[in-house]
Number of protein chains: 2
Amino acid sequence: MAKRKTVKKTVGDWANNHDHRVCIGDALVKAASLCGQRGARLTQIRRRVLELIWSSHRPIGAYSLLKVLKKERENAAPPTVYRALDFLLEQGLIHRIQSQNAFIGCADPNHQHYGMFLICTDCGNAVELEESKIDRLLNSSALSQGFVIESRTVEAAGLCPQCQIN
Amino acid sequence: MAKRKTVKKTVGDWANNHDHRVCIGDALVKAASLCGQRGARLTQIRRRVLELIWSSHRPIGAYSLLKVLKKERENAAPPTVYRALDFLLEQGLIHRIQSQNAFIGCADPNHQHYGMFLICTDCGNAVELEESKIDRLLNSSALSQGFVIESRTVEAAGLCPQCQIN
DNA sequence: TCATAAATGTTATATTATAACAATAATGAA
DNA sequence: TTCATTATTGTTATAATATAACATTTATGA
Ligand SMILES: [Zn+2]
Ligand SMILES: [Zn+2]
Ligand SMILES: [Zn+2]
Ligand SMILES: [Zn+2]
């Protein structure tokens, strides 16, 4: 890979003005590293699906992925994509956006986090919210009813800073 | 309708030991009243779909509803159900559970609320979380990135008090 | 090098949701 | 009441999302 400038892409960076190739590159490097550590096999298909998911900050659906894959691999079929997605989800490399039946890359697969997203209804971009306070409040609120949370889906739709201007 | 004891079904009541007919009855009465006020037509089909949704505290899918409806109305088809669901969603009489592609009755359709749910992975029951603090925290957390939330999906999966015992 | 397990290929089908147009029923104005 | 308008429901077809089941190939390590 050619040497590239390291631009920090912070969580909550809604700007279009970053070099998104850096996001993609970072994600793939991290994924390879994590899978290596874990003895999980980031095969060609899986890697390519991850790359396609990272091709934008918009969640992408399984059949959109399939459409692209088919151009490169004529025998790609739904299971091809869904198996790759299952693997990537298991490894925490992507998240599922329930409200869209779509998938998005996880920028920080190595950290504990909760899969909480802000999703712009205009440009479609989504960013992960790293806010442990929400998680704690949710937990304590549930506990006050005796309910123990194991996993959560938090998806807030609205307008990102960019799209409020336009 | 026969006179019945008014049993308060509080939010967060996970017990099986309430008379669920009361939940159903209350929901239908409230729905009729609200629709009346709004000039919205709670037709036979819509009312029946609402009743079926309220038949348990578990979210129920469109095609499960259809299966039941077909026994009573031989020309019921997917649009029959989805139109009723659309109406009930618009009126705030039901909520959609995104993580299950399923629907659940709203116990308090007249109040402002946020559609936040606790869903038991064991018994399948779901209750709506009335916790404005979570909503405020979510809003402020989003705002700190300049993001304005318009709607939210909060679905926490875990074990309800009953199912922790078993 | 061979047995095993993991990944992928392949075909079929299940599940969830909507499009499009026709027929009927409700509503209110003339 | 009658008629025009709109809302609701009927009907058929199909789109979109996801999984089952079994065959084949590839990777892995004993
Ligand atoms: Zn980027
Ligand atoms: Zn935007
Ligand atoms: Zn009940
Ligand atoms: Zn339970």
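In what follows, every chain begins at residue 1, and chains take the letters A, B, ... in the order their sequences are listed. Remember, predicted model here, so these are calculated numbers, not experimental data.
- In this structure, A:F87 atom CZ and D:dT19 atom P are separated by 18 Å, rounded to whole Å.
- Residue order along DNA chain D, read from the 5' end via each residue's closest nucleotide, puts A:Y63 first among A:Y63 and A:R83.
- The nearest whole Å value for the distance from the CG atom in B:L66 to the C1' atom in D:dT9 is 14 Å.
- We find that CD1 of A:I45 is positioned 14 Å from C1' of D:dT24, with the value rounded to whole Å.
- Between A:Q100 atom CD and D:dA16 atom P there is a gap of 16 Å when expressed in whole angstrom units.
- A:L88 and A:L42 make their closest contact through CD2-CD1, 4.3 Å (heavy atoms, listed as atom of the first residue, atom of the second, distance).
- When the P atom of D:dT17 is taken as reference, atom CG of A:D86 falls 16 Å away, rounded to whole Å.
- Distances from the side chain of B:R96 to the nucleotides C:dA17, D:dT17, D:dT19 place C:dA17 closest.
- Listed pair A:Y82 / D:dA18 meets the phosphate criterion, a side-chain N or O lying under 4.0 Å from OP1 or OP2.
- In this structure, A:E72 places its CD atom where more than 12 heavy-atom neighbours from other residues, nucleotides or ligands lie under 6.0 Å away.
- Around atom CD of B:E74, no more than 12 heavy atoms belonging to other residues, nucleotides or ligands sit under 6.0 Å away.
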Applying side chain to side chain donor-acceptor pair (under 3.5 Å) to A:R136 and A:S140, what does each step give before you reach the verdict?
CA-CA 6 Å; A:R136 284 200 297 274; A:S140 69; over 6 Å; no

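- Rounded to whole angstrom, the span from the CZ atom of B:R73 across to the C1' atom of D:dT11 amounts to 14 Å.
- Taking the side chain of A:N75 as heavy atoms from C-beta on, and the options C:dT8, C:dT10, D:dA18, the nearest nucleotide is C:dT10.
- In this structure, the nucleotide among D:dT9, D:dA18, C:dT16 sitting nearest to the side chain of B:T43 is D:dT9.
- The shortest distance between the side-chain N/O atoms of A:N101 and the OP1/OP2 oxygens of C:dT16 is not below 4.0 Å.
- Heavy-atom distances to DNA chain C give each of B:F103 and A:Q44 a nearest nucleotide, and the one nearer the 5′ end belongs to A:Q44.
- The NZ-C1' distance, from A:K67 to D:dT17, rounds to 15 Å in whole Å.
- Rounded to whole angstrom, the span from the CZ atom of A:R41 across to the P atom of D:dT28 amounts to 5 Å.
- Side-chain rings of A:H95 and A:F103 stay apart, their centers remaining 6.0 Å or farther from each other.
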